[in-house]
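This report refers to the structure that appears directly beneath it.
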Protein chains: 2
Amino acid sequence: MRRPTIADIARRAGVSSAAVSFALNGRPGVSEHTRQRILAAADALGWQPNTAARALSAKRAGAVGLAVARPARTLGVEPFFMQLISGIQAELSERANALLFHLVEDVEAEIGLYRRWWAERRVDGVLVVDPRSADPRPAALRSLGMPAVLAGGPDPEGILPGVWIDDARAMARIVTHLRELGHQRVAHVSGPSGLLHTERRSAAFQAATRRGATGTAPTAVTTDFSETEGARATRSLLAAADHPTAIVYDNDVMAVAGMSAARQAGVAVPADVSIVAWEDSTLCRVTHPTLTTLSRDPSRFGATAAGRLLDLLDGEPPTDVEFDVPELIVRESTAPPPA
Amino acid sequence: MRRPTIADIARRAGVSSAAVSFALNGRPGVSEHTRQRILAAADALGWQPNTAARALSAKRAGAVGLAVARPARTLGVEPFFMQLISGIQAELSERANALLFHLVEDVEAEIGLYRRWWAERRVDGVLVVDPRSADPRPAALRSLGMPAVLAGGPDPEGILPGVWIDDARAMARIVTHLRELGHQRVAHVSGPSGLLHTERRSAAFQAATRRGATGTAPTAVTTDFSETEGARATRSLLAAADHPTAIVYDNDVMAVAGMSAARQAGVAVPADVSIVAWEDSTLCRVTHPTLTTLSRDPSRFGATAAGRLLDLLDGEPPTDVEFDVPELIVRESTAPPPA
DNA sequence: CTGTTAGCGCATTCAG
DNA sequence: CTGAATGCGCTAACAG
């Protein structure tokens, strides 16, 4: 039993294949009556367009790519990506596109993959995540002529359109919460300096704490996002006599590790030190105390980014989208500083 | 600047397009000399096959699908899937295939997606994960005539070839470790009963504990894999006067939640109760005490499953593959029971 | 051993 | 408004 083709529908409806194509794609050229007859025939045969044939003819793959250059280990522990993907897919499915997902070693490999995808016409465009400083990807994509949207920040070079969350105001919101509790000495354990969003947060942290500073310099430590460095950063911050009474971590994993490190060092949370995690996740709710976190909506974020890319493919002009400030979910890990 | 086609290569090398096709695909029909000339021309032009054209002609998409019916929340927190995917991709890339990845609501939606993928010729086959009891997917795939490999267990109905890990012996290994430490009363907090691998583990647990039982019946609790139920199960297990001195959890999240619950109930880990998690992850190393876990290699598992699927597509006969027993990584959460 | 030719399934010209 | 004809880029018959 062969899969039905347009020719089959045409035969069944007693019209030409061109008429079928017109009817199926909802464009003028057939009377409303025959259109209905054709649609009924297609439905009766359970017809679905053959992606390859359509792609070949339309010169459009009907698929977009997402390559991620992060260790699988790191990715797995962060719910962020799965939710991001979930949102991306909701939008893509809606508009009959598929997602090619690929884990890569580094940015170079990522560019190589783009090159291949594009040469093979596997995808019509890509979603680029984790923008970096001196990022080679936008320029590479431009030279390929490959449509793309940058998810995670505005493109500093202005090559790719971007979709991002206002990190600066999010950080300000966290710092405000801590200030209102009475904290004077706040520290920031950030991610690696190569990532743009990390740098935006660090800059915002500097600005926010400097603004309300009462004499004690704020402290910032850079890490690789791992639990190991999160714990080490915490130990070194708490070792000082005048140690901070609140610490903001750039992700959930480090916040959890930091809390454990604090406890081991005999520092109570939140009695002696308050803790805030940038990302919300299951991890933040199974700990004791539960963590105060910044809760974004990665799913909506992904859907928007995917939507922008499809718009771009449909010929709409590239535009940036900035999201509203995420919510701060106050749980048990933040409290007034010790008297 | 148009993308080069086979016709361009043929023109450049002064041969026919068929000769080019033969040369490119490494099959007989051209002399070694012309083959080299053709390859050089293709290389000079930077030619890459157009996936759509190839798929249309070869009647093969050059892509396989992976649909996962789990909440994004659950997926995200488990490193398992990302590593699985990483392994799948390594194998697929090796053999010039792409991966279509999709999150779905439930098994019904998953079947719907298979139907669509197959009708559209989006993929050549699928990797099915999380086999269930009374699973409708194997039969649905057979009725579609869609090639598939079941990753996570042998197919009880024998429809699909499977790739899996020996859960029974893995559980035996865990129980043996606890017995050697001197534990008599061991409990098992398992996942939902609908999942095949969960049921295999539960059965193995029953068998292993019954075998060495000294009078006290083993205890088992069924959960939905969530931290909430993991914690609740722990509380109810520890509430009994004669509570177990060791608990085996079916995943890392529940083990961590269970440990917190135990601590809150005034039960020390590992002094009063030992804890073992089925899956290893970062989560298991940032806790205090660190968790004793069963460590599998999801990446190799994924690569094998993908390899079997591609073999199947290449016409090889379907065969099952059972993996060796995973390792038990002994950390701080297991110790002899209280005297 | 080489070159010519005819599809793969769809979209889209152009006549009728 | 409809139908026949053509091309998308590649593969695989077939004949030379």
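Every value quoted in this text rests on a predicted model; they were computed, and no experiment measured them. Below, chain A is the first sequence line, B the second, and so on; all start at residue 1.
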Ignoring hydrogens and angles, tell me if any N or O in the side chain of [X] forms a donor-acceptor pair with the backbone of [Y] under 3.5 Å.
X: A:Arg60; Y: A:Ala55; result: no
X: A:Asp124; Y: A:Ala61; result: yes
X: A:Thr304; Y: A:Arg300; result: yes
X: A:Asn50; Y: A:Ala52; result: yes

- Identify which nucleotide among D:dC10, C:dC10, C:dT12 has an atom closest to any side-chain atom of A:Thr5, counting heavy atoms from C-beta outward. C:dC10
- Task: Mind checking side chain to side chain contact (heavy atoms under 4.5 Å, CB included) for A:Ala7 and listing every partner two or more places apart, or none if nothing turns up?
- Result: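 Per chain and number, A:Ala7 pairs via side chain to side chain contact (heavy atoms under 4.5 Å, CB included) with A:Thr5, A:Arg11.
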- Nearest-angstrom distance from the residue atom CG of A:Leu24 to P of C:dG9: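 Result: 15 Å.
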- Nearest-angstrom distance from the residue atom CD of A:Glu120 to C1' of D:dC8: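 The answer, rounded to whole Å, is 17 Å.
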- Could you identify which residues of residues 34-65 of chain B place a heavy atom less than 4.0 Å from some atom of DNA chain C, listed by residue number, or say none?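 Within this stretch, B:Thr34, B:Leu56, B:Ser57, B:Lys59 sit under 4.0 Å of the strand.
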- From A:Val128, A:Asp130, A:Val163, residue fulfilling side chain to side chain contact (heavy atoms under 4.5 Å, CB included) relative to A:Leu150: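 Among A:Val128, A:Asp130, A:Val163, the one that satisfies the side chain to side chain contact (heavy atoms under 4.5 Å, CB included) with A:Leu150 is A:Val128.
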- Counting any heavy atom closer than 4.0 Å, what does A:Ser21 reach on the DNA or RNA strands: base, sugar-phosphate only, or nothing?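 Answer is base: heavy atoms of A:Ser21 come under 4.0 Å of a base.
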Pairs under 3.5 Å (N/O, protein and nucleotides 14-16 of chain C):
none

- Query: Honestly, is B:Arg121 close enough over B:Trp118, meaning NZ or CZ under 6.0 Å from the six-membered ring centre and within 45° of the axis?
  - Reply: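 The answer is yes, since B:Arg121 meets both limits relative to B:Trp118.
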- Kindly indicate whether the side chain of B:Asp135, heavy atoms from C-beta on, has any atom under 4.5 Å from the side chain of B:Leu196.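 No, every pair of side-chain atoms sits at 4.5 Å or beyond.
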